[in-house]
Chemist: 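Could you have a look at this structure, given as structure tokens, before my questions?
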Amino acid sequence: MSFNDYIQAAKLGKKDYQSKLMQGKSPTLEVLDDILHTKKNYHEVSLGLVEIPLEQIVGTKTTGRSNSFSSNFMPILDSDSEFATKWIHLCISQQEEGIKDPIKAYEYMNKFYVLEGNKRVSVLKYFDAVSIAGEVIRILPKKTDDLDIKIYYEYVDFYELSKINYLYFSKSGCFEKLQTLVGKNADEKWSSDDKMNFRSLFQSFKTDYTNLGGDSLKHITCGDAFLAFVELYGYNELLTKDSIELNELISLNYKEFELMSENEVELRLTASTKKASVLSKLLPTNNRTLKAAFIYEKTSASSSWTYSHELGRLHIEEAFPEEVSTTFYDNVNAFNIDETIEDAIDDDCDVIFTTSPTFSQASLKAAIAHPKTTILNCSLHDPHSSMRTYYSRMHEAKFIMGAVAGAMTENNVIGYIADYPIYGTIANINAFALGVKMTNPRANIYLMWSCLKDLDIEEQLKKVHPDIVSDKNLSVPEAGTRYYGLYKVFADGIWNLAIPVYHWGRFYEQLIRAILDGTWKSDDTKSAKAINYWWGMAENAIDIISSPWLPEGTKRLIELLAKTIRSGDFNPFSGVIYSQDKTIRNGENQTLSPDDIITMDWLSDNIIGEIPVIDELEENAKPVAIQQGLNK
């Protein structure tokens, strides 16, 4: 019987060998010595006895036996060779009592290369075993800024805490995020129970993910998909699920994993111009009123952000008095967002707008579970096909505000108060700074963050003594304050110069109109992409209200800049741009791409200040910064 096993294994080996040749790839095992021959400045660390995942064993340490196997570790030598005889004896041992002797191997960049025990590995791979014990020496490369090296050293740090070597990521920061998601402090080691529970959950996920075709997905690892899955449903919650429940959730999420693989996000920079089809107009409708729910993190009386969205909801009621009814839920937080969305669905809401980036994960989870309900989250750069997102290009208005600030400052000291270091915010800050530079290259912007713990903004302003300040975009009527927008500071008060305005009503009107006239569904295809709406001044999603007492030249400048930005003739992020470290971020005849604008993590060279790290933020600011931020 074992002889037949060798014949079958050799067939698998020769098939793989031929396939690799046809693809122009090496048909035999990788050789670590060949790889290290081109490397410099590495050193060895003994890991002792390690349980090595067989799928991560990819080659041999030396050339020796590398040509006895195909690249899948199946044998390719004749069945009457001495090699085949030894392989068959090991096969018998595995069938009768199991192979127990550990191998010797080297680990480099989370791949393993066998020094002694190649045939043991081959036999166990043939029988689809999961792992083999081995004495392992790690090869540590020199630390560099190369992404692969950075990820590997993050893995090394994670391994020291968890001893887990069977999952890997394609992006930086994921091992640290996983440590947090499982409830561990940054430097906390894992107990035996921790490792056992994690392995059980991950292996269950991996089995279902692979059965669905996950191995064929490009550009992501199983670890990437698992991390997104855990982030969405919660680690402790997933531990309570049985295999059937897990399988159902993984199946529901597979479309999201496919999207992660394709990394295909359609950023809608303009409102749709599609017309409803003639057929949809001729078909009868049930004339049922569309019901839209708006979910707010705070109340419109306590939050200018919520207040601006509430104005948008009221606009919808005026724009669609017969076709649309609305309801809202406020004071919603991380503890009741799931329940609130379910309440809105139970209340027969057809469309749900969740108006905070902190609600992104809960919104996605509900969208996956309730595909017949349209759910949109107000956030930026979220790549999901089950849920669309929307946001405004506020940086267009901020550029104009900066131009006004540069023109109106007398002491060349301008203060900028920012809220959260999340996608879009850095673009707002830099656009403002570029606007200042256009009208006053001598002025500096002093950046302050209202979300930092143990920091008094008023004290900071007193130290810097700016005569122009860019503050929060809007206030609520109940606050009774004029400290918002762009204002000039005097000894006895302030003068409001200009205010950037979110027109969420126009945003919501166009989205709901697309749902009502049938053009919304035309975007839903079997190969659905992530759709992010990111509208600006051209779509009337953003505007500026300026003081009528501004100098005539400044008012004309505002009108000119607004007109050219609306027409697309000018982009704030065009031309030469320098960051604080004097790096050229954009060339003379270039314009930054939308993705570069959204994800920028640097500051303009006329800004004094820095982007805070997560640990510097107040506790209530951390969730949104982790979910939608730069994760610095």
Chemist: Counting only heavy atoms not in Glu248, do more than 12 sit closer than 6.0 Å to its CD atom?
Modeler: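 Result for CD/Glu248: open.
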Chemist: Is there a side-chain contact between Pro594 and Ile597, using heavy atoms and a 4.5 Å cut-off?
Modeler: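 No - every pair of side-chain heavy atoms lies 4.5 Å or more apart.
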Chemist: Under a 3.5 Å threshold, yes or no: a donor from one side chain and an acceptor from the other, between Glu256 and Ser386?
Modeler: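 Yes, a side-chain donor-acceptor pair sits under 3.5 Å.
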Chemist: Applying side chain to side chain donor-acceptor pair (under 3.5 Å), can you list everything that pairs with Thr221, at least two apart in sequence or on another chain?
Modeler: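 Asp224.
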Chemist: For Asp343, give me all partners under side chain to side chain donor-acceptor pair (under 3.5 Å), at least two apart in sequence or on another chain.
Modeler: none
Chemist: Does Pro421 offer a backbone N or O that forms a donor-acceptor pair with the side chain of Thr425 under 3.5 Å?
Modeler: no
Chemist: Please name all residues satisfying salt bridge (charged side-chain N to carboxylate O under 4.0 Å, His left out) with Glu619, sequence neighbours left out, ordered by chain then number.
Modeler: Lys622
Chemist: Can you tell me which residue pairs pass the salt bridge (charged side-chain N to carboxylate O under 4.0 Å, His left out) test with a partner in residues 566-577, sequence neighbours excluded?
Modeler: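 Sorted pair list: Asp543-Arg566.
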Chemist: Is a side-chain donor or acceptor of Trp534 paired with a backbone partner of Leu269 at a separation under 3.5 angstrom?
Modeler: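 It does not hold such a pair.
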Chemist: Taking only residues two or more places apart in sequence or in another chain, which ones pass salt bridge (charged side-chain N to carboxylate O under 4.0 Å, His left out) with Asp215?
Modeler: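 Listed in chain order: nothing, the list is empty.
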Chemist: For a side-chain hydrogen bond (donor to acceptor under 3.5 Å, both in side chains) check, start with the C-alpha distance between Tyr533 and Arg388, then their side-chain angles and the critical distance, and finish with the verdict.
Modeler: CA-CA 8 Å; Tyr533 300 99; Arg388 302 185 192 183; 2.7 Å; yes
Chemist: Who pairs with Glu509 by salt bridge (charged side-chain N to carboxylate O under 4.0 Å, His left out), at least two apart in sequence or on another chain?
Modeler: Arg513
Chemist: Go through it in stages, so that I can follow the logic: the residues are Glu396 and Arg393, the test is salt bridge (Lys or Arg N to Asp or Glu O under 4.0 Å), and I'd like the CA-CA distance, side-chain angles, deciding distance and then a yes or no.
Modeler: CA-CA 6 Å; Glu396 295 176 348; Arg393 297 197 299 272; 2.7 Å; yes
Chemist: Are the side chain of Ser303 and the backbone of Thr299 linked by a donor-acceptor contact shorter than 3.5 Å?
Modeler: no
Chemist: Of the non-hydrogen atoms in Asp605 and Ser579, which two are nearest, and what is the gap between them?
Modeler: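 Taking Asp605 first and Ser579 second, the nearest heavy atoms are CB-O, 3.3 Å.
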Chemist: Among side-chain atoms of Asn473 and Tyr484, is any donor-acceptor pair under 3.5 angstrom?
Modeler: no
Chemist: Side-chain contact test, heavy atoms from C-beta onward, threshold under 4.5 Å: evaluate it for His219 versus Ser170 and give yes or no.
Modeler: no
Chemist: With sequence neighbours left out, write down each residue that passes ring-ring contact (aromatic ring centres under 6.0 Å, His included) with His384, or none if nothing qualifies.
Modeler: none
Chemist: Check side chain to side chain donor-acceptor pair (under 3.5 Å) between Thr439 and all other residues, then give those that pass, not counting sequence neighbours.
Modeler: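 Not a single residue meets the side chain to side chain donor-acceptor pair (under 3.5 Å) criterion with Thr439.
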Chemist: Show me the pairs that pass ring-ring contact (aromatic ring centres under 6.0 Å, His included) and involve residues 337-357, at least two apart or across chains.
Modeler: Phe294-Phe353, Phe353-Tyr390, Phe353-Tyr508
Chemist: How are the rings of Trp305 and Trp504 set relative to one another: parallel (under 30°), tilted (30 to 60°) or perpendicular (over 60°)?
Modeler: perpendicular
Chemist: Would you check if the side chain of Ser302 reaches a backbone N or O of Lys298 as a donor-acceptor pair within less than 3.5 Å?
Modeler: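 No; zero donor-acceptor contacts below 3.5 Å.
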Chemist: Compare every heavy atom of Ile565 with every heavy atom of Met537, then report the nearest pair and how far apart it is.
Modeler: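 Smallest interatomic distance, heavy atoms only, reads SD-CG2, 4.1 Å.
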Chemist: Using a strict threshold of under 4.0 Å (side-chain N to carboxylate O), is an ion pair present between Glu266 and Arg268?
Modeler: yes
Chemist: Where is the tightest heavy-atom contact between Asn586 and Gly575, given as atom of each residue plus distance?
Modeler: ND2-O, 2.7 Å
Chemist: What salt bridge (charged side-chain N to carboxylate O under 4.0 Å, His left out) pairs are there with at least one residue in residues 362-377, not counting sequence neighbours?
Modeler: Asp338-Lys365
Chemist: Can you check whether Ile417 reaches Tyr446 side chain to side chain, under 4.5 Å on heavy atoms?
Modeler: no
Chemist: Taking side chain to side chain donor-acceptor pair (under 3.5 Å) as the test, write out the residues that go with Ser593, two or more places apart.
Modeler: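 Scan of Ser593 (side chain to side chain donor-acceptor pair (under 3.5 Å), adjacent residues dropped) gives Asp596.
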Chemist: Take His309 and Phe328 through the test ring pair (Phe, Tyr, Trp, His ring centres under 6.0 Å) and record every step on the way to the result.
Modeler: CA-CA 10 Å; His309 283 279; Phe328 71 89; over 10 Å; no
Chemist: side-chain hydrogen bond (donor to acceptor under 3.5 Å, both in side chains), that's the test. Do Glu323 and Thr289 meet it? Break it down for me.
Modeler: CA-CA 5 Å; Glu323 304 100 320; Thr289 302; over 6 Å; no
Chemist: Strictly under 6.0 Å, is that where the ring centroids of Tyr168 and Phe175 end up?
Modeler: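 Yes - the distance between ring centres of Tyr168 and Phe175 falls below the 6.0 Å cut-off.
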Chemist: Return yes when atom OH of Tyr254 has more than 12 non-hydrogen atoms of other residues, nucleotides or ligands closer than 6.0 Å, and no otherwise.
Modeler: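 Atom OH in Tyr254 is crowded, with more than 12 foreign heavy atoms closer than 6.0 Å.
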Chemist: With side-chain hydrogen bond (donor to acceptor under 3.5 Å, both in side chains) as the test, would you mind laying out the steps for Thr306 and Ser300 before giving the verdict?
Modeler: CA-CA 5 Å; Thr306 297; Ser300 56; over 6 Å; no
Chemist: Within a strict 4.5 Å, meaning less than it, do heavy atoms of the Thr389 and Leu380 side chains meet?
Modeler: no
Chemist: Looking at residues at least two apart in the chain, or sitting in another chain, which of them share a ring-ring contact (aromatic ring centres under 6.0 Å, His included) with Phe257?
Modeler: Phe205, Tyr209
Chemist: How long is the gap from OH on Tyr416 to CD1 on Ile468, to the nearest 0.5 Å?
Modeler: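 Tyr416 OH to Ile468 CD1: 14.5 Å, rounded to 0.5 Å.
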Chemist: Hey, is the main chain of Leu249 close enough, under 3.5 Å, to the side chain of Asn253 for a donor-acceptor pair?
Modeler: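 Side chain of Asn253 to backbone of Leu249, a donor-acceptor pair under 3.5 Å: yes, one is there.
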Chemist: Please check this pair: side chain of Glu342 against backbone of Ala366, looking for a donor-acceptor N/O pair closer than 3.5 Å.
Modeler: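 Pair absent, no side-chain N/O of Glu342 close to backbone of Ala366.
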Chemist: Does Ser251 use its side chain to pair, donor to acceptor, with the backbone of Asn247 at less than 3.5 Å?
Modeler: yes
Chemist: Assess whether side-chain hydrogen bond (donor to acceptor under 3.5 Å, both in side chains) is satisfied between His503 and Glu539, documenting all intermediate values.
Modeler: CA-CA 10 Å; His503 284 313; Glu539 291 71 41; over 6 Å; no
Chemist: Using atom types as modelled and distance alone, determine if a side-chain donor or acceptor of Glu154 lies under 3.5 Å from a backbone N or O of Gly173.
Modeler: yes
